[in-house]
> 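Sharing a structure, written as structure tokens. Questions coming.
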There are 2 protein chains.
Amino acid sequence: MSGTHTDVPSVPSVLAHELPRPVPADEFATCPVSDVFRRVGDKWSMLLVILLGGRPHRYNELHRSIEGISQRMLTRTLRTLEADGLVRREVHPTVPPSVEYSLTPLGGTLLEPLSTLADWAVRHEAEINEARSRLPPI
Amino acid sequence: MSGTHTDVPSVPSVLAHELPRPVPADEFATCPVSDVFRRVGDKWSMLLVILLGGRPHRYNELHRSIEGISQRMLTRTLRTLEADGLVRREVHPTVPPSVEYSLTPLGGTLLEPLSTLADWAVRHEAEINEARSRLPPI
DNA sequence: CCGTATCCCCAGAGATACTG
DNA sequence: CAGTATCTCTGGGGATACGG
């Protein structure tokens with residue numbers, strides 16, 4: 001394996017496990033886990049992955065599908081996903097030009113862990129909202 | 001069910017599914033899924049959940065365990081997690097005072113989807129780095 | 001149709017100092 | 001020990017206009 005990373009063991013082991021040393025901020029910054037976590041948290045990336053998981057889309061199709069995204073952020077996010085090998089960009093030299101975006105096989109494998117997390121969110125939405133209503137706002 | 005949310009269907013259905021209408025930005029903002037996704041992406045929350053998933057910790061213990069976190073962000077993050085019902089804060093009125101933080105049962109259920117995602121990150125780290133090295137930097 | 005190029009704003013996050 | 005209180009800065013992200 002290459003770099004060190006913050007240990008996120010599978011559930012049984014996480015309960016029996018203790019991190020031995022302080023988690024260094026620098027390692028965490030380049031840790032593949034926190035790297036992916038940050039991407040999951042950014043505003044548009046996972047929404048695009050989900051949309052493209054349904055079927056390939058053209059640029060303006062994505063722009064219309066996601067209300068509120070700017071062209072700047074749509075392009076930037078797609079390029080980042082492409083650079084990470086999650087999204088494929090195909091230019092068809094027609095007139096007018098058409099560009100199709102789709103998930104790569106790697107991108108496709110992300111759908112499953114993503115829906116696991118999304119399932120959790122939906123299943124526990126009520127509990128979270130209840131907790132929020134109990135404690136006074138921060 | 002309460003609010004609408006961006007559909008993140010389980011894997012088989014995501015491939016057969018198409019979002020019918022533009023995803024409204026406002027709905028997405030209050031969507032439980034994107035809500036959790038944002039928390040996953042924030043800098044310290046999930047690291048704290050993972051640490052507390054191992055065992056309960058006291059405040060300064062967490063502060064020492066996570067190199068680079070400021071007192072301000074440690075407190076703020078813990079309070080947010082507490083407000084969401086993921087973390088429990090117990091004050092023991094000793095001298096000097098001691099405060100223990102632990103995962104709630106709800107917080108514990110988050111460990112599994114979290115490690116699913118972390119597993120994905122570790123497993124595909126090499127592919128991502130390879131993709132990044134192929135494409136010229138953005 | 002598919003983007004770049006600029007400018008601008010503000011919330012997330014760090015540094016530092018102080019307190020019950 | 002376990003926090004507040006300020007100040008500050010950075011970069012994520014929006015608006016707008018223009019270009020191949």
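Each chain gets a letter, A, B and so on, in the order the sequences are listed, and its residues count up from 1. From a predicted model like this one, the values you see are computed outputs, not experimental measurements. Hydrogens, waters and symmetry mates are skipped; everything else that's a heavy atom, side chains included, is used.
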> To the nearest Å, give me how far apart CD (A:E100) and P (C:dC1) are.
15 Å
> Using only atom types and a distance under 3.5 Å, with no angle test, would you say the side chain of B:H57 pairs donor to acceptor with the backbone of B:R55?
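Pair found, side chain donor or acceptor close to backbone of B:R55.
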> Rounded to whole Å, please give me the gap between CG in B:L78 and P in D:dT4.
11 Å
> What are the two closest heavy atoms between A:Y59 and A:T75, and how far apart are they?
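A:Y59 and A:T75 have their closest heavy atoms at OH-OG1, 3.1 Å.
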> To check you understand the geometry: which heavy-atom pair defines the closest contact between A:R89 and A:V91, and what is its length?
NH1-CG2, 3.6 Å
> Verify the contact: side-chain N or O of A:Y101 to OP1 or OP2 of C:dG3, cut-off strictly under 4.0 Å; return yes or no.
yes
> Could you check how far CG of A:L47 sits from C1' of D:dG13, rounded to whole Å?
15 Å
> Given D:dG12, is OP1 or OP2 found less than 4.0 Å from the side-chain N or O atoms of B:R38?
no
> Can you measure B:E61 atom CD to D:dC1 atom P for me and round it to whole angstrom units?
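From B:E61 CD to D:dC1 P: 11 Å.
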> Could you tell me which non-hydrogen atom of A:P32 sits nearest to which non-hydrogen atom of B:A121, and how far apart they are?
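Closest heavy-atom pair between A:P32 and B:A121: O-CB, 3.7 Å.
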> A:S115 side chain to A:E112 main-chain N or O, any donor-acceptor pair under 3.5 Å?
yes
> Within the structure, does a side-chain N or O atom of A:R58 lie under 4.0 Å from either OP1 or OP2 of C:dC2?
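So the side chain of A:R58 is within the cut-off, an N or O lying under 4.0 Å from OP1 or OP2 of C:dC2.
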> Quickly work out the B:E82 CD to D:dA2 P distance and round it to whole Å.
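From B:E82 CD to D:dA2 P: 15 Å.
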> From the list D:dG3, D:dA2, C:dG3, which nucleotide is the closest neighbour of the side chain of B:Q71?
D:dG3
> Does any non-hydrogen side-chain atom of B:L103 lie less than 4.5 Å from one of B:L110?
no
> Would you mind reading off the distance between B:N60 atom CG and D:dT4 atom C1', rounded to a whole angstrom?
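Taking atom C1' of D:dT4 as the reference, CG of B:N60 is at 15 Å.
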> Tell me which residues in residues 91-99 of chain B put a heavy atom below 4.0 Å from DNA chain D, sorted by number, or none.
B:P96, B:P97, B:S98, B:V99
> Choose from D:dG3, D:dC1, C:dG3 the nucleotide whose nearest atom is closest to any side-chain atom of B:T75.
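Among D:dG3, D:dC1, C:dG3, the one nearest the side chain of B:T75 is D:dG3.
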> If you check every side-chain atom of B:R79, which of D:dG3, D:dA2, C:dC2 has the closest atom?
D:dG3
> Base contacts versus sugar-phosphate-only contacts with protein, heavy atoms under 4.0 Å: please encode nucleotides 8-15 of chain C as B, S and - from 5' to 3'.
-----BBB
> Mind calculating the distance between CG (B:L74) and C1' (D:dC1) to the nearest angstrom?
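In whole Å, D:dC1 C1' and B:L74 CG are 13 Å from each other.
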> What integer distance in Å separates A:H63:NE2 from D:dT16:P?
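About 13 Å, once rounded to whole Å.
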> Closest heavy-atom contact between B:L81 and B:S45?
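That would be CD1-O, 3.9 Å.
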> Check whether any side-chain N or O of A:T104 sits under 3.5 Å from a backbone N or O of A:G107 as a donor-acceptor pair, and report yes or no.
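At least one qualifying donor-acceptor pair exists.
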> Salt-bridge test for B:R76 and B:D42: reply yes if a basic N is under 4.0 Å from a carboxylate O, no otherwise.
no
